[in-house]
K.L.:
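Take a look at this one; I'll ask things after.
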Amino acid sequence: MEQILSLTQAALVFGTVILFGAVGEILTEKSGNLNLGVPGIMYLGGIAGLAGSFMYEMSTANPIPLVGLLIALLCTLAASLLGGLIYSFLTITLRANQNVTGLTLTIFGSGVANFFGGAMNTMAGGVGQISVAATSGAYRATLPFLDNVGVLSSLGFMVYVALILAFVMSWFLNKTRMGLNLRSVGENPATADAVGINVTKYKYMATCIGAAITGLGGLYYVMDYIKGTWANDAGIERLGWLAVALVIFARWKPKQAIWGSYLFGVLFWLYFYIGGLTRSSQELFKMLPYVVTIVVLIVVSIRRKHENQPPESLGLPYFREDR
Amino acid sequence: MTQTHKVPFMRIAKRESMPLWHSLLIWLIGLVLALAVSAIVIYAIVHLNPIKIYTAMFEGNFGSERRAWVFLRDMVMLLCIGIGLAPAFRMRFWNIGAEGQILIGGIATAAVMIYGGATMPTWALLVLSVVVSCIAGAIWGGIPGAFKARYGTNETLFTLMMNYVAIQLTSFFVAVWENPYGSNTVGVINQQTQAGWFPAILGQKYLLNILIVMVLTVAMFIYLRYSKHGYEIAVVGESEKTARYIGINVNKVILRTMMLSGAICGLTGFITVAGSSHTISTSTAGGSGFTAIIVAWLAKFNTFVMILVAGLLVFLEKGAIQIASQYNLNDYASEMITGIILFFILGSEFFTHYRLIFRRGKEVE
């Protein structure tokens, strides 16, 4: 029983990181932009939040947790928005290829984050020595009225933020005029353009705001998942790609991404809780989230159910002159 | 009332075509801008003279004979993956799965070296490794290809996921072949006997790697430009409907091309394992599978241009590692600089396809 509780908890924490990533990426992909820079954006968001709070906590003797929290949040949003802006400018305005630009963004983000992360580790006196205790503590604050509810008692508030964001995103995409417009841009930009929707504006907005949400995943990873430290171990990169996988698994629906993210968390940690596994078979177990995603991808393409398909123009550029 | 037409301040027009040297020139401008921006970034961080930094980068690549050979070895590896990706990209098939295909080829090679090392002569090991690594890569690339051809499954996402399956598979085999026990690595395979290793030619360890890739460079150039297959690939890439109309079996072309693409990436795994690292780990591909996508794309499937692009990227990487050790930085600086430079080159590509026309009809080339 205790094992199941602990697995659930690990899965919820793990799932939250990729849920942020997936919700942001769903918004981006709904505009027809396939942004493979998700890991890079998470890196940028994570390191910016950490750097911001690190600078703040270094500069004052008694850091106020709430201020650290806000500084980290602002830095994360700014950095990941900037990442989204670079991607948008290159793919939408300068018409560069989406896949190549996204992969470059991932290389860039990983470089920036690990460079500055390593530098901060050196400044702080060694790997794992960065201490942003106040800020990290603020991010790990639990909801007071859930203190006695078993598995929920130790979850930081960001877990619920991710949940709410997913619901809001679902409402926005399916129930609002702007969401409808956005989906039409992703399905068929030429038609959207013809009815007077500003395709460029929608693509820019969706990609940049999507990137900001994705960046929160990086912030949560740094502040809660690894408790306010930094290690150059490509942890964010793995999770970033899983977020991309989750978008497919959820068939571009934010609500489906919620249970999908927790399922991925269970699949990812399952090996830890199953007794009698050798180290080699553990490695095979870690393959599960990816295999499941591939199966979903195949099944969706075979069944061809209309509402499960990727946005029609996903990954394709739109130039008005090329119509 | 007379109607007035508002002329926009600036508009964009497509260029008809452009000679290769012209687009190379535009890239060069982008590259120079990128180096300038990187220099500013470097200066802002470490307050070092950027010229010194670039000299150090050159040192890191060509400072000694050994370094120059390592530079060539790594360049041809990146080039080889790019060659593998070229036919798939030409067909507008986004093979993002090179990383996995390399690892699978590497696993196959390592298996041959480990299980056949004691019984077979090196030439037989090498031939067998080539065959199995190509087959393994072809299968790994062929699976997404088959589903794309049959059901239209999104190949970008499929191949991307296959990478991580391959990475876990590699971890699995590393655990199985662990040597010595408890080290969590495979160690150097056949260190004593050097069975299955590339032989040194003219005293140079890496010459064979380079020769193989040079042959592939020429062969792929000819295949894409002058063969019937190459023509079919180009037509399918431009328009599947046209291809069907003129009687090309589109499904067959997609599957065949993806298997070829996977096979060459698998072969890269063979060259890496048998020809340079003599071991297998999850970092055998080391992200080159992703970097090569950029190489193949920027070179527009021209394998000779790929040599330049691959050379540039490896130069940056080695250079940054040199700076890192010389000035006590960490070598992730290389990824950051590579990112900046690629952003600029990607951006400058716009000007090879389009030109800007300002108001009053003044044109800017």
K.L.:
Where does A:I302 contact chain B at under 4.5 Å (heavy atoms): side chain, backbone, both or neither?
P.N.:
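A:I302 touches chain B through backbone and side-chain heavy atoms alike.
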K.L.:
Quick one: pull up OG in A:S301 and CD in B:E155 and give me the separation to the nearest 0.5 Å.
P.N.:
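Going from the OG atom of A:S301 to the CD atom of B:E155 covers 11.5 Å.
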K.L.:
Taking every non-hydrogen pair under 4.5 Å, which of B:T338, B:T156, B:N154 racks up the most with chain A?
P.N.:
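Top count of heavy-atom pairs under 4.5 Å with chain A: B:T156.
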K.L.:
Any idea how A:Y290 and B:Y164 line up, ring-wise: parallel (<30°), tilted (30 to 60°), or perpendicular (>60°)?
P.N.:
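Parallel.
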K.L.:
Would you sort out whether A:F108 and B:M336 count as a side chain to side chain contact (heavy atoms under 4.5 Å, CB included), showing the intermediate values?
P.N.:
CA-CA 5 Å; A:F108 175 73; B:M336 190 166 66; 4.2 Å; yes
K.L.:
Side chain, backbone, both or neither: which part of A:L297 has a non-hydrogen atom closer than 4.5 Å to chain B?
P.N.:
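Contact with chain B: backbone and side chain both.
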K.L.:
With chain B as the partner, which of A:G118, A:S110, A:G117, A:G40 has the greatest number of non-hydrogen pairs under 4.5 Å?
P.N.:
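Result: the option with the highest number of such pairs is A:S110.
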K.L.:
Give the member of B:L169, B:T170, B:L298 that has the highest number of heavy-atom pairs under 4.5 Å with chain A.
P.N.:
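Of the options given, most contacts go to B:L169.
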K.L.:
So what's closer than 4.5 Å to chain A heavy atoms on B:I340: side chain, backbone, both or neither?
P.N.:
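Both backbone and side chain.
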K.L.:
Which pair of heavy atoms, one from B:W94 and one from A:N99, lies closest together, and at what distance?
P.N.:
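Scanning both residues, the minimum pair turns out to be CD2-ND2, 2.9 Å.
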K.L.:
Do A:I294 and B:M162 come within less than 4.5 Å of each other through their side chains, counting heavy atoms only?
P.N.:
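SC-SC contact between A:I294 and B:M162 confirmed.
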K.L.:
With side chain to side chain contact (heavy atoms under 4.5 Å, CB included) as the criterion, how do A:I107 and B:I294 come out once you've worked through the C-alpha distance, each side chain's angles and the decisive distance to 0.1 Å?
P.N.:
CA-CA 11 Å; A:I107 294 174; B:I294 296 160; 3.9 Å; yes
K.L.:
Taking every non-hydrogen pair under 4.5 Å, which of A:L103, A:I86, A:I298, A:L314 racks up the most with chain B?
P.N.:
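Highest number of heavy-atom pairs under 4.5 Å: A:I298.
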K.L.:
What part of B:L160 gets closer than 4.5 Å to chain A, counting heavy atoms only: side chain, backbone, both or neither?
P.N.:
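When you check distances to chain A, only side chain atoms of B:L160 fall under 4.5 Å.
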K.L.:
Measure the spacing between CG of B:L157 and CZ of A:F249 and express it to the nearest 0.5 Å.
P.N.:
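These two atoms lie 14.5 Å from each other.
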K.L.:
How close do B:S171 and A:E283 get, counting heavy atoms only, and between which atoms?
P.N.:
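Nearest heavy atoms, B:S171 then A:E283: CB-OE1, 3.2 Å.
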K.L.:
Give the minimum heavy-atom separation between A:L94 and B:G347, together with the two atoms involved.
P.N.:
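Where A:L94 meets B:G347 most closely, the heavy atoms are CD1-CA, 3.6 Å.
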K.L.:
When rounded to the nearest 0.5 angstrom, what is the spacing between CG in A:L90 and CG in B:L346?
P.N.:
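A:L90 atom CG to B:L346 atom CG measures 6.0 Å (nearest 0.5 Å).
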K.L.:
Nearest 0.5 Å, please: how far is CZ in A:F115 from CD1 in B:I337?
P.N.:
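The CZ atom of A:F115 is 8.0 Å from CD1 of B:I337, to the nearest 0.5 Å.
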K.L.:
Write down the atom of A:T93, the atom of B:F350, and the distance for their closest heavy-atom approach.
P.N.:
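Closest pair (atom of A:T93, atom of B:F350, distance): O-CE1, 3.8 Å.
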K.L.:
How close do B:G339 and A:T104 get, heavy atom to heavy atom, and via which atoms?
P.N.:
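Answer, listing the atom of B:G339 first, then A:T104: O-CG2, 3.8 Å.
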K.L.:
May I ask you to name which of A:L288, A:N97, A:T91 has the most heavy-atom pairs under 4.5 Å with chain B?
P.N.:
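Of A:L288, A:N97, A:T91, A:N97 has the most heavy-atom pairs under 4.5 Å with chain B.
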K.L.:
Checking heavy atoms, do the side chain of A:L34, its backbone, both or neither come under 4.5 Å from chain B?
P.N.:
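For A:L34, the contact with chain B is made by the side chain alone.
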K.L.:
Pick one: which of A:L242, A:V295, A:V296, A:T293 meets side-chain contact (heavy atoms from CB on, under 4.5 Å) with B:M161?
P.N.:
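Option passing the side-chain contact (heavy atoms from CB on, under 4.5 Å) with B:M161: A:T293.
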K.L.:
Is a donor on one side and an acceptor on the other found under 3.5 Å between the side chain of B:Q168 and the backbone of A:L284?
P.N.:
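Answer holds: no.
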K.L.:
Does any backbone or side-chain atom of B:F158 lie under 4.5 Å from a heavy atom of chain A? Answer side chain, backbone, both or neither.
P.N.:
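Both backbone and side chain.
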